[in-house]
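Notes for the one structure printed next.
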Amino acid sequence: MRIYLDEKEKELVTVLCNQCQKELLVENGILKEECIHITHDFGFFGKRDGETCHFDLCENCFHKMIAKFQIPADWQDRKELL
């Protein structure tokens, strides 16, 4: 969950893991800790047509979540880190 100073300027103040409620490190509006941010726009044929869902997971909760997958996630190494 992302909390901003105000809606107009969109300065990031706080990021909380939606699973464990851990407060992630934010300094001067910049997230300085690993975080998985998900935004999904639901389309047709589902129960949430036309809705958008946003949530954040700390790295620990992300790894716990994918450990439960029946089919493992696909991992690839990146050649360049920007």
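Everything numeric here is computed off the predicted structure, so don't read it as measured data. Side chains are part of it too, since the values below use all heavy atoms of this structure and drop only hydrogens, waters and symmetry mates.
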- Note on the structure: Applying side chain to side chain contact (heavy atoms under 4.5 Å, CB included) to Leu31 and not counting sequence neighbours gives Arg2, Leu12, Val15, Leu24, Val26, Cys35

- Query: What pairs with Lys32 under side chain to side chain contact (heavy atoms under 4.5 Å, CB included), at least two apart in sequence or on another chain?
  - Reply: Leu25, Glu27, Ile30

- Message: Could you check whether atom CG of Asp49 has more than 12 heavy atoms from other residues, nucleotides or ligands sitting under 6.0 Å from it?
- Response: yes

- Task: Could you tell me whether the side chain of Asp56 and the main chain of Met1 form a donor-acceptor pair under 3.5 Å?
- Result: yes

- With Lys10, which residues qualify under salt bridge (charged side-chain N to carboxylate O under 4.0 Å, His left out), at least two apart? Glu7

- Of all residues at least two apart in sequence or in a different chain, which pass the salt bridge (charged side-chain N to carboxylate O under 4.0 Å, His left out) check with Glu11? none

- With hydrophobic residues grouped by side-chain heavy-atom distances under 4.5 Å, do Leu57 and Trp75 end up in a single group? yes

- Query: In Å and rounded to the nearest 0.5 Å, what is the SG to CD1 distance from Cys58 to Ile36?
  - Reply: 7.5 Å

- Task: Sequence neighbours left out, what pairs pass ring pair (Phe, Tyr, Trp, His ring centres under 6.0 Å) with at least one residue falling in residues 20-51?
- Result: His40-Phe42

- Name all pairs fulfilling the side-chain hydrogen bond (donor to acceptor under 3.5 Å, both in side chains) condition that reach into residues 12-24, sequence neighbours left out, sorted by first residue then second. Lys22-Glu33

